[in-house]
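Below, chain A is the first sequence line, B the second, and so on; all start at residue 1. Since the model is a prediction, treat every value here as computed from it, not as a measurement.
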There are 2 protein chains.
Amino acid sequence: MEKNKLSFKTKIMTMSTVKEMTGLSERQIRYYEEKKLVFPDRSPSGIRKYSLSDIRLLINIAEQIKKGVRTDLIREQIHGENLSIS
Amino acid sequence: MEKNKLSFKTKIMTMSTVKEMTGLSERQIRYYEEKKLVFPDRSPSGIRKYSLSDIRLLINIAEQIKKGVRTDLIREQIHGENLSIS
DNA sequence: CGTGTAAGGAATTCTGACACG
DNA sequence: CGTGTAAGGAATTCTGACACG
C-alpha cells in the first residue's frame, strides 16, 4: 500500500483549465497530442486530463513551433531519440 | 509584471477530479462550500475550480464530520475564530 | 504543416427542491 | 444536520471532416 502521492505529473486538469493556463486553442492542444508530443490521461468517459508539467510542455512546444520547428523534431527532443545521421 | 506562479493554492481542478481524488460526493463537496468551509473559484460560466490544497481540506473536513464534529465548529477552526467563552 | 471552424452527440456541472431525521 | 436523488437547463468536451496552403 503506497499513499497517493501528488506530483507535477499527476493528471488533474481538463481542457478548459489547460486552455486558460497555456493560452493555446483546443485545436492546438489536441493536435500536439495527435503528433505524440503530449500524453494526457483520459477519464472513463474519454475526457482528457493534463498535469501541471503538461502545461509547461505545451507552452514549450508552442514556442518552438512559433519559431518554425516542426512537430517531428520536437517529438524527437521529447523522446530523446538520437537517430544516427545517414 | 509578475510571472504566473503555480502553487497548491492555484484553482485548477473541476468537480469530477475532486470527486475522484477525495472520494466524496458532489453533494458533500457543494454542501461544505455552502457551509463556508471551502472556497472554490468559478469559471466565467460558473464551473467550480479547486486547488490541490482544497483537496486536502475537503478530506480533512469529511474526516471530522465522520467523527461527529459539526460544520460550525469546523468553520471556526478553519477561520481561526477564537470566540470568547461566554 | 499547423490551425480554424461548423456539426452533432455524449458527458459534466449547476441550481433549487423534496426527502429523511 | 448532512446527504441522496430526480429534474431540466446550460456549458464542456469529443470526434471526424472540410478548408487553406
Side-chain angles (χ1 to χ4, degrees), chain A residues 10-52 54-55 57-79 81 83, chain B residues 10-52 54-55 57-79 81 83:
Chain A
T10 316
K11 310 288 191 178
I12 53 181
M13 309 159 75
T14 51
M15 267 302 312
S16 55
T17 311
V18 176
K19 282 172 59 180
E20 191 188 308
M21 298 186 80
T22 62
L24 301 175
S25 69
E26 285 192 37
R27 187 67 165 100
Q28 290 175 298
I29 298 171
R30 296 215 202 86
Y31 183 69
Y32 301 160
E33 175 181 3
E34 191 181 316
K35 290 303 177 185
K36 309 293 185 190
L37 304 182
V38 221
F39 305 91
D41 274 358
R42 293 276 186 156
S43 74
S45 58
I47 303 296
R48 271 170 268 250
K49 298 283 189 176
Y50 299 86
S51 68
L52 288 173
D54 284 334
I55 300 293
L57 182 54
L58 284 167
I59 292 175
N60 188 291
I61 292 170
E63 285 177 347
Q64 294 196 60
I65 290 183
K66 204 179 307 171
K67 291 178 186 168
V69 185
R70 290 210 188 154
T71 53
D72 310 68
L73 286 180
I74 300 177
R75 185 188 316 120
E76 288 176 17
Q77 285 178 43
I78 294 175
H79 294 202
E81 294 169 13
L83 303 179
Chain B
T10 316
K11 310 287 190 178
I12 54 182
M13 312 159 74
T14 49
M15 266 302 312
S16 55
T17 309
V18 177
K19 281 172 60 180
E20 190 188 309
M21 297 186 79
T22 61
L24 302 176
S25 69
E26 285 193 36
R27 187 65 165 101
Q28 290 175 298
I29 298 171
R30 296 216 203 85
Y31 183 69
Y32 302 161
E33 176 181 3
E34 190 182 318
K35 290 304 176 186
K36 310 293 185 189
L37 304 182
V38 220
F39 305 91
D41 274 0
R42 295 276 185 154
S43 74
S45 58
I47 303 295
R48 271 170 267 249
K49 299 283 189 176
Y50 297 86
S51 68
L52 288 173
D54 283 335
I55 300 294
L57 182 55
L58 284 167
I59 293 176
N60 189 288
I61 293 170
E63 285 176 348
Q64 294 195 61
I65 289 183
K66 204 180 306 172
K67 291 178 187 168
V69 185
R70 290 209 187 156
T71 53
D72 311 67
L73 286 180
I74 301 176
R75 185 187 317 120
E76 289 177 15
Q77 284 178 43
I78 295 174
H79 294 201
E81 296 170 10
L83 304 179

### Candidate pair L24(B) and L58(B), rule side chain to side chain contact (heavy atoms under 4.5 Å, CB included), full reasoning
CA-CA 8 Å; L24(B) 302 176; L58(B) 284 167; 4.1 Å; yes

### Task
Apply side chain to side chain contact (heavy atoms under 4.5 Å, CB included) to the pair T10(B) and L52(B), showing each step before the final yes or no.
CA-CA 7 Å; T10(B) 316; L52(B) 288 173; over 6 Å; no

### Message
As a quick check of understanding, evaluate side chain to side chain contact (heavy atoms under 4.5 Å, CB included) for M13(B) and R48(B), giving each step before the final call.
### Response
CA-CA 8 Å; M13(B) 312 159 74; R48(B) 271 170 267 249; over 6 Å; no

### Query
Quick one: do E34(B) and R75(B) make a salt bridge, cutoff under 4.0 Å?
no

#### Entry: S16(A), nearest nucleotide to its side chain (from dT3(C), dG2(D), dT12(D))
dT12(D)

### Message
Rounded to whole Å, please give me the gap between NZ in K67(B) and P in dG2(D).
### Response
16 Å

### Message
I need the I61(B) CD1 to Y31(B) OH distance, nearest 0.5 Å.
### Response
12.0 Å

#### Entry: pair T17(B)-Y50(B): side-chain heavy atoms closer than 4.5 Å
no

### Message
Starting the side chain at C-beta, find the nucleotide from dC14(C), dT13(D), dC14(D) nearest to R48(A).
### Response
dC14(D)

### Query
So does R30(A) pair up with E26(A), basic N to acidic O under 4.0 Å?
yes

#### Entry: Cationic N near anionic O, under 4.0 Å, D72(B) to K35(B)
no

## Note on the structure
note: E34(A), atom CD; dT3(C), atom P; distance rounded to Å ~ 11 Å

### Task
Evaluate side chain to side chain contact (heavy atoms under 4.5 Å, CB included) for I47(B) paired with R42(B), printing each intermediate quantity in order.
CA-CA 5 Å; I47(B) 303 295; R42(B) 295 276 185 154; over 6 Å; no

### Query
Would you say a side-chain N or O of S45(A) is under 4.0 Å from OP1 or OP2 of dT13(D)?
no

### Task
Ignoring backbone atoms, test whether Y32(B) places a side-chain nitrogen or oxygen under 4.0 Å from the OP1 or OP2 oxygen of dT3(D).
yes

Please list each protein N or O that sits under 3.5 Å from an N or O in nucleotides 16-18 of chain D, with the distance.
none

### Task
Give the nucleotide from the list dT13(D), dA11(D), dT3(C) with an atom nearest to the side chain of I47(A).
dT13(D)

### Intra- and interstrand pairs of DNA chain C - dot-bracket, Watson-Crick/G-U under 3.5 Å, | marks other strand
.||||.||.|.|.||.||||.

#### Entry: Rounded interatomic separation in angstrom, taking CG from L24(B) and C1' from dT3(D)
11 Å

### Nearest-Å distance for atom pair CD1/P, residues I29(B) and dT13(C)
10 Å

## Note on the structure
Heavy-atom nearest nucleotide on DNA chain C taken for V69(A) and for S43(A); more 5' hit belongs to V69(A)

### Query
Taking CG from L37(B) and P from dT3(D), how many angstroms apart are they, rounded to a whole number?
10 Å

### Given dT3(C), dT13(D), dT13(C), the nucleotide with the shortest approach to the side chain of T14(B)
dT13(C)

#### Entry: Protein-nucleotide distance (L58(A), atom CG; dT3(C), atom P), rounded to Å
11 Å

### Task
Write down the distance between CD (E63(B)) and C1' (dG2(D)), rounded to a whole number of angstrom.
17 Å

### Query
OP1 or OP2 of dG4(C) less than 4.0 angstrom from a side-chain nitrogen or oxygen of S25(A), does that happen here?
yes

### Task
Respond yes when some side-chain nitrogen or oxygen of Y31(A) is under 4.0 Å from OP1 or OP2 of dT3(C), and no when none is.
no

### Query
Rounding to a whole Å, what distance do you find between E20(A):CD and dT13(D):C1'?
16 Å

### Task
Please check the phosphate of dG2(C) (OP1 and OP2 only) for any side-chain N or O of T71(A) closer than 4.0 Å.
yes

### Message
Looking at E33(A) and R27(A), is there a salt bridge between them, counting it only when a charged N and a carboxylate O are closer than 4.0 Å?
### Response
no

